[in-house]
Amino acid sequence: MAQSPEKEELGDRDLAFFGAMTASLSHQLNNVFTIINEVNGLLEDLLLASERGGEMPPEKIKAIAGKMGKQVRRGVDYVKRLNRLAHMVDEPEVSLELGEWLGLADGLCRRFAILKRATLEIRAPAEPVTVSTNPFLLLQAVFLCLDIVLQEAGENESLSLRIESGPSGSAVVLEAATPVPEMPVIESKLRLLETIMGRIGGRVSIDDERRSFGLWLG
Amino acid sequence: MSKIRVLVVDDEGELAHTVVERLGIRGFEADAATSGAEALELVARSRYDVVVLDLKMPGLGGIEVIDRLKEDHPELPVLLVTGHGSVEAAEEGMQAGACCYVMKPVDIEALAKMIKDAVSD
């Protein structure tokens with residue numbers, strides 16, 4: 001594919017983020033294959049037992065088939081997400097429906113939040129919100145925002161991610177139950193977040209309580 | 001001769017329960033836990049001869065579970081199960097006190113042998 005002359009080169013940090021996202025999705029895909037492997041193995045065990053005179057109840061086979069089908073569907077979903085992630089870097093700017101984009105971000109962000117012992121509620125917008133932006137850099141900004149909010153958060157931190165749209169533009173808004181403290185490592189990450197948003201012509205807003213972070217576009 | 005009692009810990013419940021069933025077919029007595037916290041509760045309540053532990057779990061992760069097990073049950077062998085991107089973490093788990101590790105997807109016969117070896121050591 002011919003490269004657009006305006007296409008910005010991805011830096012080391014961008015590549016590291018891309019690597020972390022693909023590693024996360026491939027880890028989950030590996031889990032799917034592991035489950036399929038075990039369930040298939042159980043089927044083989046039961047077949048062997050039935051050849052030796054053991055029982056092979058139809059409802060058991062049905063249950064195993066159901067489990068396999070569920071994991072295959074799950075695996076297909078991960079492959080779709082991996083593919084969408086890969087294509088996020090095709091063009092520096094695309095027309096993006098933020099609600100749909102949030103659906104992809106959901107799968108990646110929720111796992112990150114869970115591993116950090118937080119809960120994440122994703123609130124899709126009631127109406128489509130379309131912006132022209134770089135989906136990969138926006139995803140990177142959301143992840144950095146999550147990282148900032150969870151930096152000093154305790155267990156069971158409650159987060160929500162939603163889309164806002166109004167006269168001042170459209171935004172992905174991350175809200176936390178616990179205020180984010182002011183400390184050097186967090187301020188450093190906030191400056192990085194502003195840099196990333198600056199690359200896509202956007203800006204960061206933080207409420208007075210330091211609980212609500214808006215990633216504004218346009 | 002009493003059966004070897006195994007606790008299989010993985011946040012993927014489908015996986016943990018299937019491994020439990022397959023180990024049962026192979027003569028083990030196995031239970032499943034789908035979180036580190038649940039695993040610690042079960043170990044506190046019942047006797048197990050070995051723990052098969054997923055390294056990467058939400059909440060209480062594998063390394064933390066090993067640390068806590070080693071405090072209260074230093075003699076209990078812990079066998080780690082990990083994905084391909086986590087070899088370094090698996091080695092960290094070995095340093096924390098796990099006896100060995102295997103990569104997913106796991107071969108059930110190899111797992112059964114490792115369990116028997118861990119118990120006889």
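Each chain gets a letter, A, B and so on, in the order its sequence line appears, and its residues count up from 1.
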Best-contacting candidate, A/L42, A/N156, A/L115, against chain B by heavy atom pairs under 4.5 angstrom: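 If we count pairs closer than 4.5 Å to chain B, A/L42 comes out on top.
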B/V106 to A/E38 - nearest heavy-atom pair and separation: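 Minimum heavy-atom separation between B/V106 and A/E38: O-OE2, 3.2 Å.
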Heavy-atom check, side chain of B/P105 versus side chain of A/N30, under 4.5 Å: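 Side-chain contact under 4.5 Å: yes.
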Enumerate by number any residue of [range] whose heavy atoms lie under 4.5 Å from heavy atoms of chain B; in the absence of such residues, state 'none'.
{"range": "residues 96-114 of chain A", "value": "A/R111, A/I114"}
{"range": "residues 66-78 of chain A", "value": "A/K67, A/K70, A/Q71, A/R74"}
{"range": "residues 142-149 of chain A", "value": "none"}

Among B/A16, B/P58, B/G59, residue most engaged with chain A (heavy-atom pairs, under 4.5 Å): B/G59
Pairs meeting criterion side-chain hydrogen bond (donor to acceptor under 3.5 Å, both in side chains) with involvement of residues 47-61 of chain A, two or more places apart: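 Sorted result for residues 47-61 of chain A: A/K60-B/E21.
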CG on A/L46 to CD1 on B/I25, rounded to 0.5 Å: 5.0 Å
Straight-line distance of B/D10 CG to A/N31 CG, nearest 0.5 Å: 6.5 Å
A/K189 NZ: over 12 foreign heavy atoms closer than 6.0 Å: yes
Steps toward side-chain contact (heavy atoms from CB on, under 4.5 Å) verdict (A/I35, B/T18): CA-CA 8 Å; A/I35 295 169; B/T18 307; 5.6 Å; no
side-chain contact (heavy atoms from CB on, under 4.5 Å) between A/D45 and B/R26, intermediate numbers included: CA-CA 9 Å; A/D45 289 345; B/R26 285 157 178 78; 2.8 Å; yes
